[in-house]
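Notes follow the structure.
Numbering starts at 1 and runs along the sequence shown.
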Amino acid sequence: VLGQIFYTTNDMDRGALKGRVVDALATYRRSESRLRELEPPATVERDHEEYLAAIRLFQQSAVEVLKMFEDGRDEHMVTAYPLGQKATDKIREVGTKFWPHEFPPH
């Protein structure tokens, strides 16, 4: 998301944004793979699933942004943004259960 902001404000060019998004997507895919290997106890299984759902949303957001490099339409960033925001909200929600003082209210 930060890269998208830098691109929109002309502080980053298309090539740099694409590189960041490609790297982020690879990280999200590795993270999902590693998370799937975990066998959480039943008491946190739902939180584990929510975290995985967030990672998948981040992936969907990145894939959507990458579409702009195929067709040249920046509107893909507008479509991608709510996916990334929802993922961020899920991460925050799960995180506050385990680390209540790490996510102070805005």
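- Hydrophobic clustering, with ILVMFWY side chains joined whenever heavy atoms are under 4.5 angstrom apart, groups Val22 together with Met77.
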### Task
Start with the C-alpha gap between Asp23 and Lys18, add the side-chain angles, then the distance that decides, and say whether salt bridge (Lys or Arg N to Asp or Glu O under 4.0 Å) holds.
CA-CA 8 Å; Asp23 289 348; Lys18 183 177 182 181; over 6 Å; no
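- Arg92 and Asp89 are joined by a salt bridge, as a carboxylate oxygen and a charged side-chain nitrogen come within less than 4.0 angstrom of each other.
- In this structure, the side chains of Phe58 and Leu83 stay at 4.5 Å or more apart for every pair of heavy atoms.
- Between Arg30 atom CZ and Thr27 atom OG1 the span is 4.0 Å, to the nearest 0.5 Å.
- For the residue pair Glu32 / Tyr28, no side-chain donor-acceptor distance below 3.5 Å is found, with atom types taken as modelled.
- Taking CD1 from Ile55 and CD1 from Ile91, the interatomic distance works out to 5.0 Å, rounded to the nearest 0.5 Å.
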Side-chain polar contacts of residues 45-54 - donor-acceptor pairs under 3.5 angstrom, sequence neighbours left out - could you list them?
| from | atom 1 | to | atom 2 | distance (Å) |
| --- | --- | --- | --- | --- |
| Asp47 | OD1 | Lys97 | NZ | 2.9 |
| His48 | NE2 | Leu35 | O | 2.9 |
| Glu50 | OE1 | Lys90 | NZ | 2.6 |

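- Counting heavy atoms from C-beta outward, Val21 and Leu17 have side chains that approach closer than 4.5 Å.
- With rounding to the nearest 0.5 angstrom, the CE atom of Met12 is 13.0 Å from the CZ atom of Arg14.
- For the atom pair Ser61 OG and Lys86 NZ, the distance stands at 12.5 Å (nearest 0.5 Å).
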Give the table of side-chain donor-acceptor pairs shorter than 3.5 Å for residues 64-72, with sequence neighbours excluded, one pair per line with atom names and distance.
| from | atom 1 | to | atom 2 | distance (Å) |
| --- | --- | --- | --- | --- |
| Glu64 | OE1 | Lys67 | NZ | 3.2 |
| Glu64 | OE2 | His76 | ND1 | 2.6 |
| Asp71 | OD1 | Arg73 | N | 2.9 |
| Asp71 | OD1 | His76 | NE2 | 3.2 |
| Asp71 | OD2 | Arg73 | NH1 | 3.4 |
| Asp71 | OD2 | His76 | NE2 | 2.7 |

